[in-house]
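Naming convention: chains lettered A, B, ... in sequence-line order (proteins, then strands); numbering from 1 in each chain.
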Number of protein chains: 2
Amino acid sequence: MKIMKVAEDSLKRSRDEFVAQWGALGTQWGINRTMAQIHALLMTSPEPMCTDDVMAELEASRGNAHTNLKELVNWGLIRMIVVKGERRDFYEAEKDVWKMFTIITRERKRREIEPALEILNRCAEETKGIKGVEAEAFHNQVKQLGEFVGFASKMSDKISSMKHGLALQLATKILG
Amino acid sequence: MKIMKVAEDSLKRSRDEFVAQWGALGTQWGINRTMAQIHALLMTSPEPMCTDDVMAELEASRGNAHTNLKELVNWGLIRMIVVKGERRDFYEAEKDVWKMFTIITRERKRREIEPALEILNRCAEETKGIKGVEAEAFHNQVKQLGEFVGFASKMSDKISSMKHGLALQLATKILG
DNA sequence: CATAATTTTCATTATTTACTGAAACTTCGA
DNA sequence: TCGAAGTTTCAGTAAATAATGAAAATTATG
């Protein structure tokens, strides 16, 4: 049984490491540490977890755990499920990597690309008719930016609405 | 001349709006407001600007302006240039949208994707040999994630090293 | 070389963002 | 319908991040 213990320890260490580091990374990509940690935790949990499990595992407060679980549900990266004989809410993560990718892509588009597009288009519109080199240069620059971002946005839609297999096929062609 | 004034005003308003909003957006994508504002300013400036110009335009301190100008140079989104007869450093932005895209893509990859990949690969490696359903599930999950992220990383390289024309051609095919 | 102009650094302060913990609220079962 | 179990909210606090401004360092010029 000793060997088993060692294996269990080393699994636990690795998983803890993963959760911790994923949390640290989260801050780099504009989501808070706890949210990223919970995501890491649920992605690698064999069973659904409840709020108290998360609190215990991360040593976080109830409010914090709750808020970030809800936020992850909002994103669509985890879902609430009902465990029979249990009154509490349980959560499980979407584990399919392609689905995760499409969810994250859509959300980033919504949060980062669409607002930018709106500004660019408005500024291009506002300065459309103005005469003079300065005005024309400005108009042209925001127009270019707007067109590019709009284009990128369409691409992102197209790709993230593809089936995994099809995307893979396309990607292979590009890499090849 | 009155009409000219109106046109100038409306250009200025639009540009100020652009700078302000771009700054606000910046915080969404993990760069600070001032950096995004300076970028917006220089992207739409007909002439190179010096630190004092930036300070004046944004009402920011010297330290702040300086730090963020340097950071933008680091990214490669702006460059220092020498204006003849001027002792001060001047800066101008890269205005080509495709070049901007490749710069930003590379930087995000470096900051967001590569560290994630490292963690995923290490965790997969650490748990490779461990027996047991839990260990195997964990190993499998991080391996899948690692493979996907590695793949995405390669794609990002490939695309951002393309010439604009070629990328456009590819994109058109995908959108079509 | 002296000094004026400019850049750079960094300790301090301000602002923003995240977290806590307890109270208010909701739901379910006896 | 009451109370226990659980969820949600939020005012207060802590932590992280960004900005200031002045001093130190560097660089150009007479």
Side-chain angles (χ1 to χ4, degrees), chain A residues 19-42 48-75 78-92 111-112 115, chain B residues 19-42 48-75 78-92 111-112 115:
Chain A
V19 170
Q21 299 276 26
W22 205 252
L25 269 183
T27 62
Q28 292 290 318
W29 23 14
I31 64 173
N32 74 53
R33 192 202 345 253
T34 309
M35 181 170 157
Q37 283 179 314
I38 295 176
H39 186 224
L41 207 54
L42 286 173
M49 297 174 79
C50 66
T51 307
D52 293 80
D53 295 337
V54 171
M55 287 168 65
E57 200 71 50
L58 303 180
E59 304 185 44
S61 72
R62 183 171 303 282
N64 193 15
H66 174 79
T67 306
N68 287 293
L69 280 165
K70 285 287 122 126
E71 187 64 6
L72 282 163
V73 170
N74 263 359
W75 277 61
I78 69 175
R79 53 188 153 265
M80 238 191 63
I81 60 165
V82 176
V83 172
K84 65 177 177 181
E86 276 283 5
R87 192 160 151 187
R88 288 173 294 181
D89 295 341
F90 281 72
Y91 301 88
E92 70 179 6
R111 296 158 48 122
E112 300 180 1
Chain B
V19 170
Q21 298 277 26
W22 205 253
L25 269 182
T27 63
Q28 293 289 319
W29 23 10
I31 65 174
N32 72 54
R33 187 192 357 247
T34 308
M35 181 170 156
Q37 282 179 315
I38 296 177
H39 186 222
L41 207 52
L42 286 173
M49 297 175 81
C50 67
T51 307
D52 293 79
D53 295 337
V54 171
M55 287 168 63
E57 200 71 50
L58 303 180
E59 304 184 46
S61 72
R62 183 171 303 283
N64 193 13
H66 174 78
T67 305
N68 287 294
L69 280 165
K70 286 287 121 124
E71 188 64 5
L72 282 163
V73 170
N74 264 358
W75 277 61
I78 69 174
R79 52 189 155 264
M80 237 189 66
I81 60 165
V82 175
V83 172
K84 67 178 176 179
E86 274 284 4
R87 192 160 152 187
R88 287 171 296 180
D89 295 341
F90 281 72
Y91 301 89
E92 70 178 6
R111 295 155 50 116
E112 299 179 1

By nearest-heavy-atom nucleotide on DNA chain D, the more 5' of B/Glu59 and A/Arg33 is A/Arg33
Between A/Tyr91 and B/Ile31, who's closer to the 5' end of DNA chain D by nearest nucleotide? A/Tyr91
Would you call [X] and [Y] a side-chain contact if the rule is heavy atoms closer than 4.5 Å?
X	Y	value
A/Tyr91	A/Leu42	yes
A/Leu58	A/Leu41	yes
B/Arg33	B/Gln37	yes

Spacing between [X] atom [atom1] and [N] atom [atom2], to the nearest angstrom:
X	N	atom1	atom2	answer
B/Met55	D/dA19	CE	P	14 Å
A/Asp52	D/dT7	CG	P	7 Å
A/Met80	D/dG6	CE	C1'	11 Å
A/Met35	C/dA18	CE	P	11 Å
A/Arg88	C/dT26	CZ	C1'	17 Å
B/Glu86	D/dT29	CD	P	11 Å
A/Asn68	C/dC19	CG	C1'	9 Å

Between A/Asn64 and C/dT20, is there a side-chain N or O to OP1/OP2 distance below 4.0 Å? yes
With a 4.0 Å limit, can you tell me whether B/His66 has a side-chain N or O closer than that to the phosphate oxygens OP1/OP2 of C/dT8? yes
Please pick, from C/dC19, D/dT8, D/dT7, the nucleotide with the shortest atom-to-atom distance to any side-chain atom of A/Lys70. D/dT8
Looking only at D/dT9, D/dA19, C/dT20, the nucleotide nearest the A/Ser61 side chain is C/dT20
Hey, is the main chain of B/Ala65 close enough, under 3.5 Å, to the side chain of B/Asn68 for a donor-acceptor pair? no
Does any N or O donor sit under 3.5 Å from an N or O acceptor when you compare the side chain of A/Arg87 with the base of C/dT27? yes
Considering only heavy atoms and no angle criterion, is a donor-acceptor pair shorter than 3.5 Å present between the side chain of B/Arg62 and the base of C/dT7? no
Across the strands shown, which category fits [X] at heavy-atom distances under 4.0 angstrom: base, sugar-phosphate, nothing?
X	result
B/Asp89	sugar-phosphate
A/Thr34	sugar-phosphate
A/Asn32	sugar-phosphate

Is the gap between the ring centers of A/Trp29 and B/Trp29 under 6.0 Å? no
